[in-house]
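What follows is one structure encoded as structure tokens, with my remarks underneath.
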There are 2 protein chains.
Amino acid sequence: MTAAAGEMGDGGERRRPITPLPRGAGTALWDAIRADLLDRIKRLEFAAGEQLPSEASLADGYGVNRMTVRRALAELARAGAVRTEHGVGSFVAPQPIRHRIDDGNISLLESMNSRGHAVRQEHQQVITHPDPAATGDQGVPGLAQLAGVGLSSPSELWTFPAFPGPLVEYRYKLLLDEVPWCRSFAVLPSQLVPEDWDRDKSVFNAVADAHDLQLRRDDRRFSALAADARDAALLDIAVGAPLLLLSGTNVDQHGRIVAYIVHRIRGDRAEYALHVPR
Amino acid sequence: MTAAAGEMGDGGERRRPITPLPRGAGTALWDAIRADLLDRIKRLEFAAGEQLPSEASLADGYGVNRMTVRRALAELARAGAVRTEHGVGSFVAPQPIRHRIDDGNISLLESMNSRGHAVRQEHQQVITHPDPAATGDQGVPGLAQLAGVGLSSPSELWTFPAFPGPLVEYRYKLLLDEVPWCRSFAVLPSQLVPEDWDRDKSVFNAVADAHDLQLRRDDRRFSALAADARDAALLDIAVGAPLLLLSGTNVDQHGRIVAYIVHRIRGDRAEYALHVPR
DNA sequence: TAGTGGTCTAGACCACTCA
DNA sequence: GAGTGGTCTAGACCACTAG
């Protein structure tokens with residue numbers, strides 16, 4: 001196959017060849033290329049999921065250095081418009097549908113399931129922490145960083161006055177239609193989690209059932225942060241891509257704190273909707 | 001002044017000199033440098049607000065090319081740890097305090113004011129749009145992009161069934177303690193906005209007062225996206241920095257839609273807190 | 001093995017800020 | 001004008017993926 005970069009099968013008739021852009025007009029070359037590529041994607045010259053020309057051929061087409069093209073592609077990848085695979089190529093991101101999270105359910109897993117989505121939970125790690133009261137700590141070390149810095153005063157974070165003893169921290173991720181969707185952390189008092197909990201289901205429901213508790217969300221905090229290397233690897237996104245940070249507390253019917261939760265949700269795939277019933 | 005890069009006045013006694021890092025150990029050089037700089041910032045070797053060594057001297061110290069240092073600094077800037085000024089230098093970002101937005105107030109301006117913050121509103125633009133019903137449009141063109149793509153079905157967006165006629169779109173930004181904090185868009189029916197509205201105050205309050213309406217939030221939608229060039233310029237952040245996207249609807253006591261609002265809030269400076277009263 | 005993206009270099013020139 | 005960051009180049013080498 002000697003296929004030239006500018007000629008392809010489907011939709012090729014409306015595809016314009018990549019040609020050099022006007023230079024030095026106030027905007028950087030990489031930004032002009034970024035805009036041009038985004039424009040072509042929006043015009044469906046490159047269909048969703050389709051592979052873009054290689055960096056080398058793009059650089060050749062635009063008449064620029066490969067590093068300049070890379071800068072443009074990196075920016076598009078961060079914005080979620082393009083997905084890049086090492087050794088394979090760059091692809092137009094499949095329709096960046098933002099799945100709506102409706103408020104009300106105790107767990108994100110349940111929220112999505114109740115909307116008929118194919119949601120799956122994949123456990124990364126289970127960590128047991130000693131009783132924070134006994135060690136004099138303020139709670140689970142290192143977890144505050146995951147929730148962003150300075151989100152709350154330390155004293156009110158990560159302790160369970162009503163349920164002393166060791167804690168369990170669950171690290172897992174949610175996949176929606178097999179697409180990584182969010183990286184989550186949950187901290188609960190160890191004593192509350194039943195032994196026979198089905199790992200495919202929500203731990204919060206298991207706790208509620210085992211102890212006859214009615215759990216509800218006490219508060220939520222929303223912010224945004226950049227994906228770090230770990231987020232990027234787990235969620236299949238670029239380093240620096242925007243994440244919706246959602247942290248919250250679950251309490252039971254007596255107002256006792258039962259769980260702390262932190263979700264790091266792909267910004268390009270999620271929207272959290274809150275309707276005020278009046 | 002012949003000051004060597006490794007020697008400075010305040011806090012210098014605990015500052016380690018910049019020396020080459022071990023190479024090729026699985027992680028990229030730029031990432032190792034990023035981590036090293038972040039570590040030094042956290043250890044207060046570089047105090048908040050302090051100027052970092054120049055890119056050239058960092059490259060010299062680490063024994064790498066300047067581009068490698070730039071990659072590290074760019075990543076730190078996106079994450080909000082560092083702020084870079086063209087022609088001046090790079091600085092440790094002043095304490096990245098996330099100001100909490102408490103839910104309940106109709107306007108973000110009022111939310112922050114009620115917490116005793118020095119908030120100021122800076123108007124960028126006022127745009128009048130023709131009656132969407134008359135032109136057959138679905139509302140305000142271009143605004144959907146600002147709210148992110150696919151946030152809602154178009155039919156329910158940007159139209160005011162109860163208040164026909166032209167629309168006004170306000171583009172403004174909020175500053176908190178004179179630091180750019182969020183870029184906002186509000187769309188209202190033109191007929192509702194009083195002529196004598198004091199531009200320093202909330203337009204929503206002006207509308208409520210003028211027509212004796214009780215406004216409340218009907219819904220909110222949260223997501224995250226990357227700052228574009230315009231965001232970056234207005235909010236004084238790096239392109240690609242994470243923004244908290246908050247869009248919502250205001251209705252009056254009869255349930256009539258009175259305003260659509262979109263906020264693009266700096267992720268490093270804001271946290272939206274929601275407390276469920278039970 | 002060929003083709004792709006990821007990293008890094010050495011150097012050039014420009015744009016901006018400030019003394 | 002000196003010093004800073006911003007852009008861009010030409011080229012090298014490596015790591016990864018696929019046929």
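In this text the structure is predicted, and so the values were computed from the model without any measurement. Within every chain, numbering begins at 1; the chains are lettered A, B, ... in the order of the sequence lines, protein sequences first and strands thereafter.
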Next on the checklist: Does a side-chain N or O of Arg71(B) approach OP1 or OP2 of dG6(D) to a distance below 4.0 Å, or not?
Outcome noted: no
Next on the checklist: Is there a side-chain contact between Thr68(B) and the phosphate of dT9(C), meaning an N or O under 4.0 Å from OP1 or OP2?
Outcome noted: yes
Is any side-chain N of the basic residue among [X] and [Y] closer than 4.0 Å to the acidic one's carboxylate O?
X        : Y         : value
Arg83(A) : Asp268(A) : no
Glu45(B) : Arg15(B)  : no
Asp39(A) : Lys42(A)  : no

Next on the checklist: Could you work out, with salt bridge (Lys or Arg N to Asp or Glu O under 4.0 Å) as the rule, every residue matching Arg120(A), not counting sequence neighbours?
Outcome noted: Glu122(A), Glu178(A)
In whole Å, what is the span from the [atom1] atom of [X] to the [atom2] atom of [N]?
X        : N       : atom1 : atom2 : result
Glu55(B) : dA15(C) : CD    : C1'   : 14 Å
Leu29(B) : dA15(D) : CG    : C1'   : 15 Å
Arg70(A) : dA10(D) : CZ    : C1'   : 15 Å
Gln51(A) : dA18(D) : CD    : P     : 11 Å
Tyr62(B) : dC8(C)  : OH    : C1'   : 17 Å
Asn65(A) : dT9(D)  : CG    : P     : 5 Å
Asp60(B) : dA10(C) : CG    : P     : 12 Å
Leu73(A) : dT4(C)  : CG    : P     : 13 Å

Checklist entry - Crowded around Arg199(B) CZ? As in, over 12 foreign heavy atoms under 6.0 Å? => result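 Correct, the count exceeds 12.
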Next on the checklist: Is it the case that the base of dG11(D) and the side chain of Arg66(A) share a donor-acceptor contact (distance under 3.5 Å, atom types as modelled)?
Outcome noted: no
Checklist entry - Can you give the dot-bracket line for DNA chain D, using ( ) for pairs inside the strand, [ ] for pairs that cross earlier ones, | for pairs with another strand and . for unpaired bases, where Watson-Crick and G-U count if both distances are under 3.5 Å? => result ||||||||||||||||||.
Checklist entry - Mapping Met67(A) and Ser90(A) to their closest nucleotides on DNA chain C, which lands nearer the 5' end? => result Ser90(A)
Item to check | Of the listed nucleotides dT9(C), dT7(D), dC8(D), the one nearest the side chain of Arg23(A) | outcome: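 Among dT9(C), dT7(D), dC8(D), the one nearest the side chain of Arg23(A) is dC8(D).
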Checklist entry - Closest to the Thr84(A) side chain: dG6(D), dC8(D), dG6(C)? => result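 Closest nucleotide among those given: dG6(C).
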Item to check | Comparing Glu85(A) and Trp30(A) on DNA chain D - which has the more 5′ nearest nucleotide | outcome: Trp30(A)
Next on the checklist: Students often mix this up, so state it plainly: with edges at 30° and 60°, are the rings of Tyr172(A) and His123(A) parallel, tilted or perpendicular?
Outcome noted: tilted
Checklist entry - Do Arg71(B) and Ile33(B) come within less than 4.5 Å of each other through their side chains, counting heavy atoms only? => result no
